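Worksheet: the structure to be examined is printed underneath.
Keep in mind that what you see is a predicted model, and the values were worked out from it rather than measured. Along the sequence shown, residues carry numbers from 1.
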Amino acid sequence: MSSEEELSSTITDWLFFSSWWLLLPFIMLLVVVAFVVAFVLLLYMISPLISPKPLKLNGAHVVVTGGSSGIGKSIAMECYRQGAFITLVARDESKLVQAKKEVEKCAINDKQCQEKLGPVDMLVNCAGTSFSGKFEEVEVERFRSMMEVNYLGSVYPTRAVITTMKERRMGRILFISSQAGQIGLFGYTAYSPSKFALRGLAESLQMEMKPYNIYVTVAYPPDTDTPGLAEENRTKPLETRLISETSGVTQPEQVAKIVVKDAVQGNFNSSVGPDGYMLSALTCGMSPVTSITEGLQQIVTMGLFRTIALFYLGSFDSIVRRCMIQREQAKAADKRE
């Protein structure tokens, strides 16, 4: 072989190996993608096997605290629509009577109520109150009352039903928290802690109750068009109002459909809308999951959602700063006058 032929062969071999090394990262990427796809498909197939068996609402006894208005009443109506027997608990008797009439209109057939409804199959802890105000302007008594109503108001009913649920090896416990129970915001120094507390209670309780086939759900609804929101808006600081306006107001009927479905399925987290889904993934921490697919989704989306959240937080900080500057300028102008 001539020197020119040898040189040509060497160049050809070099180009071949060079092309191979250039293609190697692409081939490795394809292998990784194929592995991930296969893994996800496998998880999708086996996840129903580890998910809890759904609770049948038809004929079930559902107790709803705070059921005379707002989200609680809508949840009661949704459960009744699906055939459940409903017990409403609230402080205002006149509102309870009116709520009872509205719930009964949702019946899909003429059911004869049992003289005794029997053990509770699902408890919905919806009794709560909201308040917003600047930390130094909120009375200390308000912090105590928030914990008593929003937190202890869920502890007491849960203690009343949990023993029987354990004996029957079945049941659902639903806590209605709030997106303010996932992220602390300006003006919610009294409200947010009481809703954050429900998360800690729910996680601890779920670990205790899971062996007994009892599943706990924590719902994090956004601002919802309820009498409670209307009352809260009366004292809401400008900063809180501007931050709240970055997301819309949800209807209680929409919230009810979602949280009832999640509770029936035994899902630990229940969120409403894209913002709610992102917050639940971001704040999942050590919270339990009811399917491997859910856990994988949280792992995959965490980095992206954290990046988006940083922009949200920057926007909220900017709102607070602008309001502070405007107030200081207004005070300075008043002094000059």
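We find the CE-NE2 distance between Met122 and His61 to be 11.0 Å, quoted to the nearest 0.5 Å. Between the NZ atom in Lys56 and the NZ atom in Lys53 there is a gap of 6.0 Å [rounded to 0.5 Å].
No side-chain N or O of Asn269 forms a donor-acceptor pair with one of Ser280 less than 3.5 Å apart. For the residue pair Thr129/Asn150, the side-chain donor-acceptor check at 3.5 Å is not satisfied.
Of all heavy-atom pairs spanning Ser270 and Thr217, the tightest one is CB-CG2, 3.9 Å.
Applying the ring-ring contact (aromatic ring centres under 6.0 Å, His included) rule to Phe268 yields no partners; only residues at least two apart in sequence or on another chain are considered.
When the side chains of ILVMFWY residues are joined at heavy-atom separations under 4.5 Å, either directly or via intervening members, Leu282 and Tyr220 end up in two distinct hydrophobic clusters.
Counting Ile, Leu, Val, Met, Phe, Trp and Tyr side chains that sit under 4.5 Å apart, directly or through other members, Val249 shares a hydrophobic cluster with Leu229.
Side-chain atoms of Tyr277 and Val272, non-hydrogen and from C-beta on, never get closer than 4.5 Å to each other.
In this structure, the side chain of Thr224 engages the main chain of Pro222 through a donor-acceptor pair within 3.5 Å. In this structure, Ser318 contributes its side chain and Gly314 its backbone to no donor-acceptor pair below 3.5 Å.
Under the 4.0 Å criterion applied to side-chain N and carboxylate O atoms, Arg142 and Glu139 are not assigned as salt-bridge partners.
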Which pairs would a plain distance check flag for residues 251-260, meaning a side-chain donor or acceptor within less than 3.5 Å of a matching protein atom at least two apart in sequence or in another chain?
none

